[in-house]
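Every number for a ligand or one of its atoms is a count from 1 in the order of the listing.
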Amino acid sequence: ATIESAKRAAAQQAVAENFDPAASHVGIGSGTTIVYVVEAIKERSTNPLIRFVPTGYQSRKVIEQAGLTPISFDSLSEDVMLDIAFDGADEVDEELNCIKGGGACLFQEKLVAEKAKKFICVADYRKNQSRLLTNWPTIPIEVAPIAVPTVLRSLRELGSQNPKLRTTLLEKSGPLKTDQGFFIVDAPFTPLLTSSDVAAGKGKGDGSDGTWEVNRLSQAINQVTGVLEVGIFSGLDGVEAESVRKEGTLQEM
Ligand code: DER
């Protein structure tokens with residue numbers, strides 16, 4: 001069947017197994033798969049008080065067009081945790097690490113994912129790879145415009161072959177601006193080792209031998225001055241997430 005039916009099936013399964021109609025706050029991610037998640041929630045949501053937290057302009061539109069009620073992230077009090085957050089991904093590895101940011105919304109997506117008790121990644125079979133950067137070749141990175149040249153240089157020093165500023169595919173020829181008014185740099189790296197790869201001696205994973213482990217590269221890029229956020233979501237450690245669960249059709253429909 002089609003990719004769209006795989007996305008829809010993944011979304012239906014993710015919502016059926018995880019959405020509680022009595023929830024009060026639900027995070028909604030960005031992209032095309034999330035539209036099916038909102039559709040599936042709409043079929044179920046009975047509680048009129050339920051609030052949906054968007055991860056950017058497109059996500060808010062999806063919530064509003066479904067007739068659901070959005071609430072902005074910064075209106076949530078410090079101690080409120082979202083009951084659950086759903087989002088898509090560009091690629092997911094065996095340890096449920098994700099590459100995100102294909103839709104240039106990674107910063108607010110990470111804020112919402114970390115604010116949720118449980119994060120559900122909804123991904124069709126194409127996204128399921130043994131290592132990140134197998135099928136999706138680049139790490140999306142949100143960068144302050146003024147810092148782009150120095151960040152590109154730092155990314156090369158970390159081993160990125162040809163990091164590039166993302167220009168929108170639409171008629172605009174300038175760099176893509178995010179909801180924060182920042183730019184997106186897409187940085188290619190060789191496929192990222194999982195922590196079990198490193199434990200099995202498949203590489204050092206610290207860049208010294210040309211290999212990077214997921215968390216170490218994420219931290220190294222996040223330390224570059226001018227980087228706002230990196231499109232690697234790993235384990236969401238530090239969050240009371242029951243688990244970063246990969247929902248979806250892991251085999252072709
Ligand atoms: O940008 C993101 O991280 C999104 O979640 C997105 O890349 C997933 O997009 P898709 O559901 O349209 O594949």
Side-chain angles (χ1 to χ4, degrees), residues 1-15 26-41 52-63 65-66 73 82 84-93 96-116 119-129 132-143 166-170 176-180 182-188 192 214 218 221 228-236 244-250 252-253:
T2 66
I3 300 279
E4 292 313 303
S5 59
K7 289 180 185 177
R8 183 189 296 272
Q12 288 287 344
Q13 177 189 345
V15 169
V26 175
I28 297 295
S30 316
T32 59
T33 307
I34 201 69
V35 176
Y36 296 115
V37 168
V38 170
E39 267 176 25
I41 289 174
F52 294 87
V53 184
T55 50
Y57 178 83
Q58 181 241 346
S59 167
R60 177 177 283 273
K61 284 283 160 234
V62 169
I63 294 166
Q65 278 156 10
F73 182 83
L82 310 186
I84 194 166
F86 294 91
D87 201 347
D90 299 307
E91 198 155 82
V92 188
D93 74 8
L96 298 184
N97 303 306
C98 304
I99 292 288
K100 286 178 63 49
C105 298
L106 65 108
F107 175 61
Q108 292 189 38
E109 287 173 340
K110 195 172 276 191
L111 281 172
V112 168
E114 292 183 350
K115 185 104 170 136
F119 176 71
I120 303 293
C121 175
V122 187
D124 63 77
Y125 57 90
R126 291 171 302 162
K127 319 298 184 66
N128 182 41
Q129 301 293 338
L132 297 182
L133 303 185
T134 299
N135 190 26
W136 188 275
T138 56
I139 302 172
I141 303 160
E142 184 152 352
V143 179
R166 188 186 299 183
T167 54
T168 175
L169 303 177
L170 305 179
L176 178 81
K177 285 257 187 181
T178 68
D179 289 314
Q180 287 67 243
F182 276 30
F183 288 165
I184 295 288
V185 165
D186 292 303
L192 303 183
V214 172
S218 181
I221 298 174
L228 175 66
E229 195 46 68
V230 182
I232 295 175
F233 284 41
S234 57
L236 292 172
V244 174
R245 294 188 55 210
K246 175 162 49 179
E247 301 298 344
T249 53
L250 301 186
E252 187 130 11
M253 287 298 290

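Among all heavy-atom pairs drawn from G102 and W136, the shortest one is CA-CZ2, 3.7 Å.
Protein residues are said to neighbour a ligand when one of their heavy atoms lies under 4.0 Å from it; for ligand 1 these are S30, G31, T32, T33, D87, G88, A89, D90, K100, G101, G102, G103, E109, K127.
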Side chain to side chain donor-acceptor pair (under 3.5 Å) between T134 and E91, worked out
CA-CA 8 Å; T134 299; E91 198 155 82; 4.6 Å; no

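S59 contributes a side-chain N or O that, together with a main-chain N or O of I28, makes up a donor-acceptor pair within less than 3.5 Å.
Residues passing the side-chain hydrogen bond (donor to acceptor under 3.5 Å, both in side chains) test with R60: none are found, sequence neighbours excluded. With sequence neighbours excluded, the residues forming a side-chain hydrogen bond (donor to acceptor under 3.5 Å, both in side chains) with Q108 are Q180, listed by chain and number. For T32, the side-chain hydrogen bond (donor to acceptor under 3.5 Å, both in side chains) test picks out K7, with sequence neighbours left out.
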